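Because the structure is predicted, anything quoted here is derived from the model rather than measured.
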Amino acid sequence: MAKVCHVCVEQQRLNEPGTEKNQVRKIAPKILQLLAEWTETFPYDFRDERMMRNLKDTINRITNGDEMYRKNVQQITQNLIRKLAALSQYEELIAKINAQSTDRMTVLKTKPQSIQRDIISVCSDPYTVAQQLTHIELERLSYIGPEEFVQAFVQKDPLENNESCYSDRKKTRNLEAYVEWFNRLSYLVASEICMPVKKKHRARIIEFFIDVARECFNIGNFNSLMAIISGMNMSPVSRLKKTWAKVKTAKFDILEHQMDPSSNFYNYRTALRGAAQRSLTAHSNREKIVIPFCSLLIKDIYFLNEGCTSRLPNGHVNFEKFWELAKQVGEFMAWKQVECPFEKDRKIIHYILTTPIFSEDALYLASYESESPENHIEKDRWKTLR
């Protein structure tokens with residue numbers, strides 16, 4: 001009899017509001033909702049082994065003796081593993097592409113004009129090239145974690161004394177890879193222009209890229225647009241006066257005006273707001289595309305982070321700053337999730353990503369060989385490079 005009473009008392013204790021098991025059961029739905037949103041929005045946090053251990057520990061405590069939550073937990077775990085596997089595959093692919101590009105750079109040590117194909121021989125339609133650039137942009141954007149923007153320049157809170165803070169292992173590799181892609185596209189444009197022997201061909205390449213850039217603007221692909229303009233404004237390209245004399249530059253002048261950096265990129269920001277508004281009311285993925293000029297977005301977030309304190313004078317968290325950060329990163333999150341509506345052409349994409357490009361010195365050398373140095377500075381540089 002005493003034994004039975006003891007069991008009854010124990011059961012009653014477990015059902016009391018203060019018991020751990022009952023408390024876990026009570027808050028389990030909210031914890032699962034938090035974990036689902038966390039692993040969906042910030043999956044890269046769980047590449048950290050400590051974070052993954054804590055996740056498993058939390059999941060075990062929720063599901064321990066409670067079968068009703070097991071299905072939800074399995075779905076959360078499977079989705080997270082799938083996202084992390086996709087990320088690893090993407091990073092391996094980027095490494096492979098970069099290795100291919102590096103290996104083929106040795107080709108440019110020989111006479112490049114006689115062996116190097118150009119972009120027009122691969123695809124003569126500038127609109128198709130702009131669409132393939134958009135494919136590359138959206139794919140690479142999709143792998144950038146939202147926390148990477150802040151983590152790129154975040155400093156540890158002076159009030160945070162926990163030395164094992166998780167932020168110390170955060171990675172920004174996908175954001176860095178995206179910036180490297182911008183630089184590659186700029187150098188690809190400059191290489192394609194400086195490579196041909198005949199100025200008529202060089203002029204044709206310039207006009208081709210102007211048309212590509214204009215279509216990028218129409219699509220809403222501002223990152224590729226700015227990369228192309230940057231490539232055409234590099235000194236080895238801009239100094240080719242005889243070549244530019246054969247180019248109809250009216251369209252290029254309009255594009256340069258749109259991306260003019262004066263007044264803190266006022267014209268670009270106006271165009272970006274227009275594209276963002278179009279995206280909000282869009283009925284198709286084609287109208288939803290907004291690919292911002294990445295370097296400027298990073299700069300904006302940097303100055304917002306550095307220009308506003310994270311703590312108010314009374315020690316409280318500056319929520320206004322973090323709301324603004326969340327707003328900017330949130331917009332980016334919406335833009336990066338758009339699926340590219342254009343048909344994929346792997347041949348064009350492979351060429352863009354892997355064809356050899358000139359280094360800065362090689363660009364100058366090719367430029368001087370195309371149009372002779374005009375002053376002492378250029379002549380001295382040419383002698384040094386040769």
Side-chain angles (χ1 to χ4, degrees), residues 90-108 112-113 115-144 174 176-196 201-202 204-234 236-237 255 289 291 293-295 336 339-360 362-363 366:
Y90 165 75
E91 290 174 348
E92 288 172 9
L93 176 64
I94 295 299
K96 185 178 178 182
I97 289 171
N98 290 342
Q100 285 179 341
S101 180
T102 303
D103 289 344
R104 296 176 66 189
M105 282 293 289
T106 55
V107 173
L108 293 183
Q113 293 88 346
I115 54 171
Q116 178 73 5
R117 292 186 301 167
D118 61 37
I119 186 70
I120 295 178
S121 70
V122 176
C123 178
S124 60
D125 180 15
Y127 302 102
T128 300
V129 171
Q131 291 172 2
Q132 300 313 303
L133 288 174
T134 304
H135 260 294
I136 296 170
E137 295 279 358
L138 287 173
E139 181 184 34
R140 297 204 168 199
L141 278 179
S142 69
Y143 287 98
I144 297 175
N174 299 303
E176 290 167 9
Y178 190 56
V179 172
E180 288 169 7
W181 149 246
F182 177 95
N183 294 334
R184 173 179 171 79
L185 181 54
S186 295
Y187 272 85
L188 173 64
V189 170
S191 298
E192 293 277 336
I193 294 170
C194 290
M195 212 174 293
H201 193 182
R202 292 195 297 273
R204 185 181 169 210
I205 294 281
I206 290 174
E207 289 182 340
F208 179 82
F209 275 117
I210 290 172
D211 287 337
V212 173
R214 187 172 65 163
E215 183 59 16
C216 284
F217 179 83
N218 293 335
I219 290 172
N221 181 357
F222 298 105
N223 200 58
S224 288
L225 166 63
M226 183 58 84
I228 293 170
I229 291 175
S230 297
M232 288 195 281
N233 280 331
M234 284 185 180
V237 176
L255 291 173
I289 296 172
I291 303 173
F293 174 31
C294 185
S295 295
K336 85 187 191 82
E339 289 186 20
C340 191
F342 308 119
E343 185 178 349
K344 198 174 209 178
D345 190 316
R346 297 188 183 280
K347 181 182 70 172
I348 299 172
I349 290 176
H350 185 263
Y351 178 86
I352 292 170
L353 292 177
T354 65
T355 194
I357 54 175
F358 284 139
S359 65
E360 186 177 5
L363 276 175

With rounding to the nearest 0.5 angstrom, report the [atom1] to [atom2] distance, [X] to [Y].
X    : Y    : atom1 : atom2 : result
D118 : R202 : CG    : CZ    : 13.0 Å
I136 : K344 : CD1   : NZ    : 9.0 Å
I205 : I193 : CD1   : CD1   : 8.0 Å
Q132 : Y351 : CD    : OH    : 14.5 Å
I206 : I228 : CD1   : CD1   : 13.0 Å
C340 : E137 : SG    : CD    : 10.5 Å

What's the shortest heavy-atom distance between [X] and [Y], and which atoms?
X    : Y    : answer
F342 : H135 : O-NE2, 2.5 Å
C194 : P236 : SG-O, 3.9 Å
K336 : L141 : CD-O, 3.5 Å
L133 : S224 : CB-OG, 3.7 Å
F182 : A227 : CE1-N, 3.3 Å
C123 : T128 : SG-CB, 3.8 Å

Counting only N and O atoms by type, is there a donor-acceptor contact under 3.5 Å from the side chain of R184 to the main-chain atoms of L353?
->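 Pair found, side chain donor or acceptor close to backbone of L353.
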When you measure from the side chain of S230 to the backbone N and O of M226, does any donor-acceptor pair fall under 3.5 Å?
->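 Checked: pair present.
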Centroid separation Y143 to Y178 less than 6.0 Å =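 No - the distance between ring centres of Y143 and Y178 does not fall below the 6.0 Å cut-off.
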Validation row: P126, E215 side chains within 4.5 angstrom (heavy atoms) =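 No - every pair of side-chain heavy atoms lies 4.5 Å or more apart.
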For F293 and N223, run side chain to side chain contact (heavy atoms under 4.5 Å, CB included): C-alpha distance rounded to whole Å, both residues' side-chain angles, the deciding distance at 0.1 Å, then the answer.
-> CA-CA 4 Å; F293 174 31; N223 200 58; 3.9 Å; yes
From CA spacing to verdict: side chain to side chain contact (heavy atoms under 4.5 Å, CB included), M232, I210 = CA-CA 9 Å; M232 288 195 281; I210 290 172; 4.0 Å; yes
